[in-house]
Amino acid sequence: MALSFRQSEILEIARAEGRVVVEDLAHRFDVTLQTIRRDLSELADLGHLDRVHGGAVARTGVANLGYEQRRRMNEGAKAAIARACAAAIPENCSLILNLGTTTEAVAQELLTHRNITVVTNNMNVANSLAVNPGCEIMVAGGALRRSDGGLVGELTTQFFEQFKVDIAVIGASALDRDGDLLDFDLAEVRVSKAIIRQARKVFLVCDHSKLDRSAPARLASLSEITVLFTDQPLPPDLAQKCADWGTQVVVAG
């Protein structure tokens, strides 16, 4: 089935932003809500989108989106999250920053921090922080994932096990309603589990679109996270779980 011009545009928006909202699309294309709902249903039936309450999200299946696509998604939200996270990181401390476009945004916000040590398996993070003379950078070994500059594998895990840092800043590909952090790459999951073990505090940076995604591998629980930095309030049931676990939630604005 060939897509209409409007459906093609909707699909491009969904792929760029991760999520589309019925009301926003109706206003954008000057059509009724019913028309947009029909478009989304047809795109879902064709396997391009997954319907969620109030809209739809780009379908990812068991493979993650491409790096450049992920980098462009929700850029404003990631920037706000990064600023809030960096503001909670003191100078004179040690950090681990792992893979992810939001952790890369955090690195950009650390360019004026002084006397910090950053341990990372993210080449993009290392390159960003290289211009900060007040930052000592230690880069993990391992297998280079050319798609996003990440280093993963057993060597990477062993590298992180040599450290005990003040704060780890991590991301996740998805966050489900049970409070589980999910990812696509088992090799990356093993590295991230080691990072969590080797940090006194764990900061999760995760925008709201991750609640509408799914991934097959469980990384951790929000109960293991010290602070979650996000851009929209959590659903009430998940917010209550965080309160019960003692996990602080910071909504960046």
Side-chain angles (χ1 to χ4, degrees), residues 14-15 17-21 49-65 67 69-82 84-85 88 96-106 122 148 150 167-186 188-197 199 201-253:
R15 286 172 173 169
E17 300 181 5
R19 176 187 176 118
V20 288
V21 177
L49 299 176
D50 286 319
R51 290 300 306 271
V52 297
H53 180 69
V57 295
R59 181 166 293 181
T60 59
V62 295
N64 204 355
L65 299 172
Y67 172 76
Q69 187 175 350
R70 284 184 283 126
R71 187 178 60 80
R72 293 192 303 268
M73 285 174 58
N74 300 316
E75 286 183 294
K78 290 176 182 176
I81 291 167
C85 180
I96 292 176
L97 270 67
N98 81 338
L99 306 182
T101 55
T102 312
T103 56
E104 291 171 17
V106 174
N122 188 327
D148 62 0
I167 300 169
V169 181
I170 68 170
S173 294
L175 176 63
D176 73 12
R177 299 305 172 103
D178 294 326
D180 286 331
L181 285 60
L182 307 173
D183 220 309
F184 293 92
D185 188 337
L186 281 173
E188 183 177 343
V189 165
R190 286 190 286 270
V191 172
S192 296
K193 286 178 178 289
I195 289 172
I196 291 172
R197 290 195 301 269
K201 295 180 180 179
V202 181
F203 291 175
L204 172 65
V205 287
C206 182
D207 70 74
H208 70 277
S209 70
K210 303 300 176 67
L211 280 164
D212 292 320
R213 301 181 68 195
S214 182
R218 184 181 182 277
L219 163 60
S221 165
L222 279 176
S223 63
E224 302 171 63
I225 303 301
T226 311
V227 186
L228 163 61
F229 294 89
T230 188
D231 62 312
Q232 292 185 12
L234 298 178
D237 56 337
L238 188 53
Q240 184 58 54
K241 288 179 180 178
C242 286
D244 294 341
W245 291 327
T247 300
Q248 182 183 354
V249 179
V250 173
V251 179

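Counting from 1, the numbers follow the sequence of the chain as shown. Because the structure is a prediction, the values reported are computed rather than measured.
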I225 vs I170 side-chain heavy atoms within contact, under 4.5 Å: yes

Apply side-chain contact (heavy atoms from CB on, under 4.5 Å) to T103 and list each qualifying residue two or more places apart in sequence or on a separate chain. N98, N122, V169, V205

State, yes or no, whether a side-chain contact exists between T247 and L204 at a heavy-atom distance under 4.5 Å. no

Residue pair L49 / A14: nearest heavy atoms and the distance that separates them: CD2-CB, 3.5 Å

For T226, all residues meeting side-chain hydrogen bond (donor to acceptor under 3.5 Å, both in side chains), sequence neighbours excluded: none

Which heavy-atom pair separates A172 from D183 by the least distance, and what is that distance? CA-OD2, 4.4 Å

Minimum side-chain heavy-atom gap C206-F229 below 4.5 Å: no

Between D231 (side chain) and H208 (backbone), is there a donor-acceptor pair under 3.5 Å? yes

Within-4.5 Å side-chain heavy-atom neighbours: L228 and L234: yes

Minimal non-hydrogen separation, C85 against F203, with atom names: SG-CD1, 3.9 Å

Would you be so kind as to tabulate the donor-acceptor pairs closer than 3.5 Å made by side chains of residues 237-246, with sequence neighbours excluded?
unit_1	atom_1	unit_2	atom_2	d
Q240	NE2	D244	OD1	2.9
K241	NZ	R177	O	3.3

Who passes side-chain hydrogen bond (donor to acceptor under 3.5 Å, both in side chains) against D180, sequence neighbours left out? R218

Tell me, please, which residues at least two apart from A105 pass side-chain contact (heavy atoms from CB on, under 4.5 Å). A82

Check whether any side-chain N or O of K193 sits under 3.5 Å from a backbone N or O of A220 as a donor-acceptor pair, and report yes or no. no

